[in-house]
Chemist: 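Following this message is one structure expressed as structure tokens.
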Amino acid sequence: MTIKLLAIGKTDNKELQSLINEYTKRLGFYIKFSLEIIPDIKNVKNLSEAQQKQKEGELIISKLNATDILILLDESGKQLDSVGFSAYLQKHMNSGIKQLVFVIGGPYGFSQDVYNKSNGKISLSKMTFSHQMVRLFIIEQLYRGFTILKNEPYHHR
């Protein structure tokens with residue numbers, strides 16, 4: 001299985017990008033992982049919230065393969081602790097899927113088309129975080145999940 005993280009817009013904070021790079025490198029010891037950035041939509045000032053979500057949704061869907069399992073990082077998604085998330089990852093690995101895709105939406109969330117295509121939703125917290133920080137948080141949690149599965153000392157219970 002491979003894991004892909006799709007995100008809208010680039011990370012402009014160098015410190016945050018450095019941490020994202022560090023955890024991406026660490027995660028690579030456990031599983032094939034890629035982070036794919038979908039460029040920001042141009043001229044969003046001329047678009048309604050719904051139009052922006054629709055355009056971003058089309059870009060997200062265009063990045064998917066027919067067999068991908070699509071998981072949205074969404075505030076209304078299921079909340080898991082780190083051990084529960086590691087079990088969630090293990091369940092997907094055991095199911096024989098080729099690619100698990102997590103998606104961080106744009107500032108207004110996801111279009112209905114993306115919701116319809118998704119196979120599930122996960123929430124990292126009831127709090128709201130910047131989209132740039134969510135990238136770091138999900139990559140760190142993926143790394144943490146694999147260290148839990150391997151019984152390595154990174155996560156303290």
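Note that the structure is a prediction, hence the values are computed from the model and not measured.
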Chemist: Is there a side-chain contact between Val101 and Ile71 in this structure, where contact means two heavy atoms from C-beta onward sitting under 4.5 Å apart?
Modeler: no

Chemist: Decide yes or no on side-chain contact (heavy atoms from CB on, under 4.5 Å) for Tyr30 and Thr147, but give the supporting numbers first.
Modeler: CA-CA 8 Å; Tyr30 299 96; Thr147 65; 3.5 Å; yes

Chemist: Ignoring hydrogens and geometry beyond distance, is a side-chain donor-acceptor pair present between Gln54 and Ser111 at under 3.5 Å?
Modeler: no

Chemist: Would you call Lys126 and Glu75 a salt bridge, using N to O less than 4.0 angstrom?
Modeler: no

Chemist: Do you see a donor-acceptor pair shorter than 3.5 Å between the side chains of Gln17 and Asn13?
Modeler: no

Chemist: Same cluster or not: Leu124 versus Phe33, using hydrophobic residues (I, L, V, M, F, W, Y) connected whenever any side-chain heavy atoms lie under 4.5 Å apart?
Modeler: yes

Chemist: For Asn119 and Leu70, indicate whether the former's side chain and the latter's backbone hold a donor-acceptor pair under 3.5 Å.
Modeler: yes

Chemist: How about Met93 and Gln90: do any of their side-chain heavy atoms sit closer than 4.5 Å?
Modeler: yes

Chemist: Do Val103 and Ile97 sit in the same hydrophobic cluster, where Ile, Leu, Val, Met, Phe, Trp and Tyr count as joined when their side-chain heavy atoms come under 4.5 Å apart?
Modeler: no

Chemist: Do Thr24 and Leu5 come within less than 4.5 Å of each other through their side chains, counting heavy atoms only?
Modeler: no

Chemist: Nearest 0.5 Å, what's the CG-OG distance between Leu73 and Ser125?
Modeler: 12.5 Å

Chemist: Just say parallel, tilted or perpendicular for the rings of Phe85 and Tyr88, cut-offs at 30° and 60°.
Modeler: parallel

Chemist: What residue among Ile60, Val114, Ile104 forms side chain to side chain contact (heavy atoms under 4.5 Å, CB included) with Leu72?
Modeler: Val114

Chemist: In this structure, would Phe129 and Leu35 fall into the same cluster of hydrophobic residues linked by side-chain contacts under 4.5 Å?
Modeler: yes

Chemist: Could you state the interatomic distance from OG (Ser118) to CD1 (Ile61), rounded to the nearest 0.5 Å?
Modeler: 10.0 Å

Chemist: Distance only, no hydrogens: is a donor on one side chain within 3.5 Å (strictly under) of an acceptor on the other, for Asp12 and Gln132?
Modeler: yes

Chemist: Would you kindly confirm whether Tyr115 and Ile69 end up in one hydrophobic cluster when ILVMFWY residues are joined by side chain heavy atoms under 4.5 Å apart?
Modeler: no

Chemist: Check Glu49 against Tyr108 and note the closest heavy-atom contact, atom names and distance.
Modeler: CG-CG, 3.2 Å

Chemist: First locate atom NZ of Lys10, then atom CD1 of Ile37, and finally report the distance between them rounded to the nearest 0.5 Å.
Modeler: 10.5 Å

Chemist: Could you check whether any side-chain N or O of His92 sits under 3.5 Å from a backbone N or O of Leu100, counting only pairs where one atom can act as donor and the other as acceptor?
Modeler: no

Chemist: Do any side-chain atoms of residues 135-146 form donor-acceptor pairs under 3.5 angstrom with protein atoms, and if so which ones, sequence neighbours left out?
Modeler:
unit_1, atom_1, unit_2, atom_2, d
Arg135, NH1, Gly9, O, 2.7
Arg135, NH1, Thr11, OG1, 2.8
Arg135, NH2, Ile8, O, 2.7
Arg135, NH2, Gly9, O, 2.4
Glu140, OE2, Arg144, NE, 3.1
Glu140, OE2, Arg144, NH2, 2.8
Glu140, OE2, Tyr154, OH, 2.7
Gln141, OE1, Ser82, OG, 2.8
Arg144, NH1, His155, ND1, 3.1

Chemist: Determine the minimum heavy-atom distance between Glu56 and Ile41, stating which atoms define it.
Modeler: CG-CG1, 3.7 Å

Chemist: Rounded to the nearest 0.5 Å, what separates atom OG in Ser34 from atom CD1 in Ile3?
Modeler: 9.5 Å

Chemist: If we count only N and O atoms by modelled type, under 3.5 Å, do the side chains of Ser76 and Asp74 hold a donor and an acceptor together?
Modeler: yes

Chemist: Contact between Ile31 and Thr2 at the side-chain level, heavy atoms closer than 4.5 Å - yes or no?
Modeler: no

Chemist: Please confirm whether the backbone N or O of Lys14 pairs with a side-chain atom of Ser18, one donor and one acceptor, at under 3.5 Å?
Modeler: no

Chemist: Please evaluate residues Glu36 and Lys63 with respect to the criterion side-chain contact (heavy atoms from CB on, under 4.5 Å), reporting the C-alpha separation (whole Å), side-chain torsions for both, the decisive distance (0.1 Å), and the verdict.
Modeler: CA-CA 9 Å; Glu36 187 171 345; Lys63 301 291 183 181; 3.0 Å; yes

Chemist: Please determine which of Lys4, Lys98, Gln99 meets the side chain to side chain donor-acceptor pair (under 3.5 Å) test together with Asp68.
Modeler: Gln99

Chemist: In Å and rounded to the nearest 0.5 Å, what is the NZ to NZ distance from Lys55 to Lys42?
Modeler: 13.0 Å

Chemist: How many angstroms lie between CG in Asp40 and CD in Gln52, if you round to the nearest 0.5 Å?
Modeler: 8.5 Å

Chemist: Hey, quick one: are Leu27 and Leu16 part of the same hydrophobic cluster, counting side-chain heavy atoms closer than 4.5 Å, chains of contacts allowed?
Modeler: yes

